[in-house]
Amino acid sequence: MAPLISIKSSDEKLEIVNQLLLPHKTEFIEINSVNDAHDAIKTMKIRGAPAIASLAALSLSQYIRRGLSASPLPEYLESRDALKTHIDSILAFLFTARPTAVNLGAATRRLGRILDTGIAAGKEPRTIAQELIAESNAVADEDVGRNKEMAKWAGEWLLQRVRDQAPGTTAGDLNVLTVCNTGSLATSGYGTALGMITYLHETGKLQKAYYTQTTPYHQGSRLTALELQTLKIPSVMICDTMVGSLFQHHNIHAVVVGADRIAKNGDTANKIGTYNAAVLAARHKIPFIVIAPISTVDLDVADGSQIPIEQRPALEACLVRGILYPNEGKTEQVQVMITPPGLEGVYNPSFDVTPAELITAIVTEKGVAVKANGASTFDLSPIV
């Protein structure tokens, strides 16, 4: 079956699938403005660091295209100074939607450099605008190819490691656990950590994928379940509190996760619950692999203590959305509160930080990085 997609884009229309309604309802909603894109990112109608960056860039492309086709031209296209002031403000606004997701910041900075370079060269505003459109589209278009590259790097690295440590292991034996959703719904296609699982499945090396059910509102598991089901990959969902039990009673060859930001030393921010899985993986001597594009590595951040962690509204941790059971074929969605009303003292971070010392390998589209013997942190220079 064809993989799921999170974004549909053409010259005429920009749409995203409303991930809040998945897996029971597939509904595409139109993004008609930069404000729409910001809202979709902030309210998690779209999620996954690469997908967020793609939507932000495509919304800017849409905005500028409409400006160029307007008559008369909007004021921001009449001078270089006006163009810089206006576009800089849009990029800064988009960045505020999800500050932990470094891909969003990387995309806005990348577009900002195109803007600044064009202005410094004395180009006409409309020429710079066309260059911004091309670069915005490239942010999204590049994602699928690099995802396939990093998925192969990671899959082959894991297979070789398992064969080195357990020579009797044959193709089709690998069992892998993942956290949150990192597939085609979280990216522009194929996926990062889930992309590696897909690669292992496509090459006949995967026995089973396990995935955790995260906190009620985030529910990355429901998206992962839908993607694995669509791709017909054998899989099992477990509650994130059951990871230790899984490791005790099943032969798990690796934990593989994505990332929203990777610090210079390898400390990694990812969906809440990732740190728990890393601690348990270390206890059971299971390799813990982080897979993310180069744009997720933030060399300006020395370590995880400097990564901003987004705190979500307390109410989100108290709500669950789904369909009634038994549903008798109906797909009407309901949202219910699972806590006493008026509950105080809710701790609801969207991400946690896994220290580099607990990570076995970090993979980008350029290759695999491991720590030097005796080191507790990474040198990521070969893969960025």
Side-chain angles (χ1 to χ4, degrees), residues 6 16-31 33-49 51-52 55-56 59 93-105 179-182 185-186 211-226 237-243 257-261 269-277 307-325 327 330-354:
S6 58
I16 63 166
V17 65
N18 185 353
Q19 295 188 18
L20 296 177
L21 302 181
L22 294 173
H24 304 296
K25 183 178 181 180
T26 301
E27 176 184 279
F28 279 86
I29 55 177
E30 193 164 349
I31 302 298
S33 66
V34 169
N35 284 334
D36 286 350
H38 185 280
D39 177 74
I41 293 168
K42 190 173 182 63
T43 60
M44 296 197 293
K45 293 182 180 71
I46 187 169
R47 63 191 77 192
I52 288 169
L55 177 61
S59 72
F93 173 64
L94 286 167
F95 177 70
T96 64
R98 297 298 300 274
T100 303
V102 72
N103 303 62
L104 178 57
V179 177
C180 196
N181 181 260
T182 55
L185 289 172
Y211 56 99
T212 61
Q213 175 177 303
T214 51
T215 56
Y217 186 80
H218 300 312
Q219 292 186 348
S221 58
R222 61 193 170 93
L223 304 181
T224 302
L226 180 61
M237 185 183 81
I238 66 168
C239 179
D240 53 9
T241 57
M242 299 174 184
V243 171
V257 302
D260 285 82
R261 187 176 301 215
N270 194 49
K271 185 61 65 184
I272 192 74
T274 302
Y275 176 44
N276 302 30
I307 297 176
I309 299 299
E310 177 187 354
Q311 301 290 325
R312 299 294 300 178
L315 182 63
E316 290 182 357
C318 306
L319 302 175
V320 173
R321 182 194 300 270
I323 59 174
L324 292 174
Y325 179 84
N327 57 54
K330 298 179 180 179
T331 58
E332 180 182 356
Q333 301 223 7
V334 295
Q335 185 167 259
V336 300
M337 180 172 283
I338 58 174
T339 61
L343 187 68
E344 297 182 0
V346 176
Y347 179 63
N348 189 28
S350 196
F351 307 93
D352 54 29
V353 176
T354 300

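Everything numeric in this text was worked out from a predicted model, so none of it was measured. Heavy-atom basis, side chains included; hydrogens, waters and symmetry copies ignored.
- A pairwise comparison of heavy atoms in P349 and I309 identifies CB-CG2, 4.1 Å as the closest pair.
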Practice item. Evaluate side chain to side chain contact (heavy atoms under 4.5 Å, CB included) for T354 paired with N270, printing each intermediate quantity in order. Key: CA-CA 8 Å; T354 300; N270 194 49; 5.9 Å; no
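- Between atom CG of residue D36 and atom CD1 of residue I16 there is a gap of 9.0 Å, rounded to the nearest 0.5 Å.
- Counting only distance, with no hydrogens or angles, the side chain of R222 and the backbone of L22 share a donor-acceptor pair below 3.5 Å.
- For the atom pair CD1 (I46) and CE (M44), the distance works out to 12.5 Å, reported to the nearest 0.5 Å.
- Judged by distance alone, with hydrogens and angles left aside, the side-chain atoms of E27 form no donor-acceptor pair with the main-chain N or O of L21 at under 3.5 Å.
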Review point. So V257 and T182, side chain to side chain contact (heavy atoms under 4.5 Å, CB included) or not? Walk me through it.
Key: CA-CA 8 Å; V257 302; T182 55; over 6 Å; no
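- R47 pairs with exactly one of L20, D260, I41 by the side-chain contact (heavy atoms from CB on, under 4.5 Å) rule, that one being L20.
- For the atom pair CG (N103) and CD1 (I52), the distance works out to 8.0 Å, reported to the nearest 0.5 Å.
- Counting all heavy atoms, side chain and backbone alike, L94 lies closest to A56 at CD1-O, 3.7 Å.
- S350 and R98 make their closest contact through OG-NH2, 3.4 Å (heavy atoms, listed as atom of the first residue, atom of the second, distance).
- A pairwise comparison of heavy atoms in I338 and A317 identifies CD1-O, 4.3 Å as the closest pair.
- How far NZ of K42 is from CD of E310: 6.5 Å, rounded to the nearest 0.5 Å.
- The main-chain N or O of V17 is never found under 3.5 Å from a side-chain atom of S6 such that the two would form a donor-acceptor pair.
- Using modelled atom types, one side-chain atom of D352 and one backbone atom of Y275 make a donor-acceptor pair closer than 3.5 Å.
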Exercise for review: Please assess K45 against D39 for the test side chain to side chain contact (heavy atoms under 4.5 Å, CB included), listing each intermediate value before the final yes or no.
Suggested key: CA-CA 8 Å; K45 293 182 180 71; D39 177 74; 3.3 Å; yes
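- Note that CZ of F351 and CD of Q311 are 10.5 Å apart. Values are rounded to the nearest 0.5 Å.
- At a cut-off of 3.5 Å, with distance as the only test, a side-chain donor of T96 or H38 sits close to an acceptor on the other residue.
- Of all heavy-atom pairs spanning A40 and I31, the tightest one is CB-CD1, 4.2 Å.
- Pairing each heavy atom of L185 with each of A51, the nearest pair is O-CB, 4.1 Å.
- When atom types are taken as modelled, the side chain of N348 and the backbone of P313 share a donor-acceptor pair closer than 3.5 angstrom.
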Check your understanding: Between N35 and F93, is a side chain to side chain contact (heavy atoms under 4.5 Å, CB included) present by the stated rule, with each step listed?
Key -> CA-CA 9 Å; N35 284 334; F93 173 64; 3.3 Å; yes
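- Note that OG1 of T212 is 11.5 Å distant from CE of M242, once rounded to the nearest 0.5 Å.
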